[in-house]
There are 2 protein chains.
Amino acid sequence: MASRLEKALQNPDSMKARILAAARRLFGERGYTETTTRLIARTVGIDISTLYYHWGEKRDLYEGVIAAINEEILGQFRQIEQRCRGASLRTRLEIAIDVMCDYLFGHPEVAHLILLAYFRTSEHNVLLDINMDKYIGNIAVAMGLAADREHVSVQARARILALWNAALNFISGQAFFRPMLGIDPAAYEAVVKETLKFILVPAFTSAHDPETLPGAPGD
Amino acid sequence: MASRLEKALQNPDSMKARILAAARRLFGERGYTETTTRLIARTVGIDISTLYYHWGEKRDLYEGVIAAINEEILGQFRQIEQRCRGASLRTRLEIAIDVMCDYLFGHPEVAHLILLAYFRTSEHNVLLDINMDKYIGNIAVAMGLAADREHVSVQARARILALWNAALNFISGQAFFRPMLGIDPAAYEAVVKETLKFILVPAFTSAHDPETLPGAPGD
DNA sequence: GAGCGCTTCCATCAATTGATGGAGAGTTCT
DNA sequence: AGAACTCTCCATCAATTGATGGAAGCGCTC
């Protein structure tokens with residue numbers, strides 16, 4: 001339940017919700033420091049003081065954005081888990097890729113924000129705490145790669161991370177990559193899904209042995 | 001040839017080179033806007049005016065960093081190409097992964113900077129022009145996936161991108177991912193290489209038909 | 001030592017940005 | 001009408017930041 005989010009946010013026409021929506025888009029497009037409170041206010045069409053009246057510090061507004069996204073993502077995973085019941089591993093993987101890609105392509109700012117959160121070693125990274133641990137555990141369990149969230153092998157987690165990151169990258173960097181591939185948005189979305197499936201499915205379904213770490217590179 | 005880089009940069013003790021080195025590290029750690037010229041100057045132990053004397057605008061310094069990295073990366077690809085001659089496809093792929101991982105783990109700020117460049121839609125993204133086109137073409141040719149740089153299929157390019165991005169993410173986000181996997185740096189490096197090989201090699205070497213999704217063993 | 005070029009630093013500016021105080025405007029309740 | 005409450009805006013502050021001008025130090029040649 002979205003119990004954490006206050007009442008005003010339920011109504012998308014409320015000023016607080018309108019500010020949150022604009023902030024989410026702008027933070028996603030420009031990152032934290034390059035998104036000024038003035039810009040957010042101007043986008044909404046209000047004075048900067050009105051923004052501060054509703055949200056207090058800039059960081060609180062940012063945390064509000066992250067919190068909303070966290071809940072959305074968990075909802076996606078619940079959906080994946082539900083739709084995966086009883087399916088084969090390959091089907092589960094493909095469902096997971098389809099659901100997450102549809103969601104992220106529909107909300108590219110989410111991919112932006114998560115990636116920006118990863119690679120920020122500065123001060124304000126602690127607070128945004130995208131809880132990847134939980135996500136990965138959920139995926140592994142939903143995929144049937146582990147019995148419970150706590151016992152997922154390093155290899156499995158690393159592979160899930162690799163796929164998750166690849167999806168985030170393709171979607172977040174669409175403006176950069178799509179021109180390189182010379183295709184239109186719909187084709188891009190299809191190519192991304194196809195590529196992720198092409199890469200992932202064999203990685204988890206074929207008979208690789210996960211034990212043997214390659215001996216240290218010769219030279 | 002590093003003909004673009006001026007003489008002063010050849011000497012790593014020169015003030016201009018020292019500033020560049022510090023800027024490279026800081027830009028990589030904190031991004032463009034969060035790295036102030038004052039911070040760079042303080043890191044080098046000089047006054048801010050000295051920095052401006054040698055480099056002019058902040059943006060020029062940033063471009064200097066990107067230019068140096070571009071040349072380094074092209075050097076890595078040349079090395080890959082050279083070491084790949086005559087090897088099998090699988091060996092070529094593994095060499096490429098090893099070389100690029102060794103390089104990026106040794107220069108994590110490069111991974112940071114490239115990723116930051118991808119996802120920045122703002123003003124100052126145009127200038128940094130990480131020329132991925134060229135990189136991808138080089139990889140595809142070195143891997144024997146295409147006859148020349150101009151004719152690489154969309155699928156092949158997308159797969160190379162996916163792998164390249166995964167590598168960048170693992171290395172750039174090490175501070176974030178490694179604790180999640182609960183392993184030490186050396187093991188992390190090994191796991192990353194293993195994961196990339198595990199994912200990539202089947203994707204390019206197995207008898208997948210690029211049209212149909214994996215006709216792999218049922219589960 | 002005078003002159004000159006190169007390098008460095010101190011002082012300072014203008015613009016931006018996060019943040020606040022206080023004054024209105026609108027509504028509701030008494 | 002008037003008190004009380006909610007919401008919005010104008011004016012403003014202090015700190016940060018990119019950038020510059022000018023003076024001083026240093027090494028060199030004449």
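We name chains A, B, ... by the order of the sequence lines, and we start the count at 1 in each one.
- Per the geometry, CD1 belonging to B/Ile46 stands 12 Å off P belonging to C/dC10, to the nearest Å.
- If you measure from atom CG of B/Leu51 to atom P of D/dT20, you get 12 Å, rounded to the nearest angstrom.
- For the pair B/Thr50 and C/dC9, the criterion of a side-chain N or O lying under 4.0 Å from OP1 or OP2 is met.
- A donor and an acceptor atom never sit less than 3.5 Å apart when one is taken from the side chain of B/Thr36 and the other from the base of D/dT16.
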*Take B/Lys58 and B/Leu51 through the test side-chain contact (heavy atoms from CB on, under 4.5 Å) and record every step on the way to the result.*
CA-CA 9 Å; B/Lys58 179 185 179 185; B/Leu51 184 151; over 6 Å; no

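- Between the CD atom of B/Glu34 and the C1' atom of D/dG18 there is a distance of 16 Å, rounded to whole Å.
- Nucleotide D/dC26 holds its P atom 15 Å from the CE atom of B/Met15, rounded to whole Å.
- When side chains are defined from C-beta on, A/His112 does not count as touching A/Ile171, because their heavy atoms never get closer than 4.5 Å.
- Atom-to-atom, CG of B/Asp60 to C1' of D/dG18 comes out at 13 Å; the value is rounded to the nearest Å.
- Distance A/Ile48 CD1 to C/dT16 P: 14 Å, rounded to the nearest Å.
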*Taking it one step at a time, do A/Glu94 and A/Lys197 satisfy salt bridge (Lys or Arg N to Asp or Glu O under 4.0 Å)?*
CA-CA 6 Å; A/Glu94 292 182 353; A/Lys197 291 176 186 173; 5.0 Å; no

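- Between the CZ atom of B/Arg38 and the P atom of C/dT12 there is a distance of 14 Å, given to the nearest Å.
- Remark: C1' of C/dT8 and CZ of B/Arg18 are 12 Å apart, rounded to the nearest angstrom.
- Using cut-offs of 30° and 60° on the angle between ring planes, the pair B/Phe27 and B/Tyr32 is parallel.
- The listed nucleotides are C/dT8, C/dC9, C/dT17; the one nearest the side chain of B/Tyr53 is C/dT8.
- In terms of phosphate contacts, B/Thr37 brings a side-chain nitrogen or oxygen within less than 4.0 Å of OP1 or OP2 of D/dG18.
- Checked against D/dA19, C/dA11, D/dC10, the side chain of A/Asp47 finds its nearest nucleotide in D/dC10.
- Sequence order on DNA chain C of the closest nucleotides to A/Arg42 and A/Ser49 puts A/Arg42 first from the 5' end.
- The phosphate of D/dT6 has neither OP1 nor OP2 within less than 4.0 Å of any side-chain N or O from A/His54.
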*asked:* Apply side-chain contact (heavy atoms from CB on, under 4.5 Å) to residues B/Met100 and B/Gln76 and explain how you reach the verdict.
replied: CA-CA 7 Å; B/Met100 287 314 301; B/Gln76 296 298 314; 3.9 Å; yes

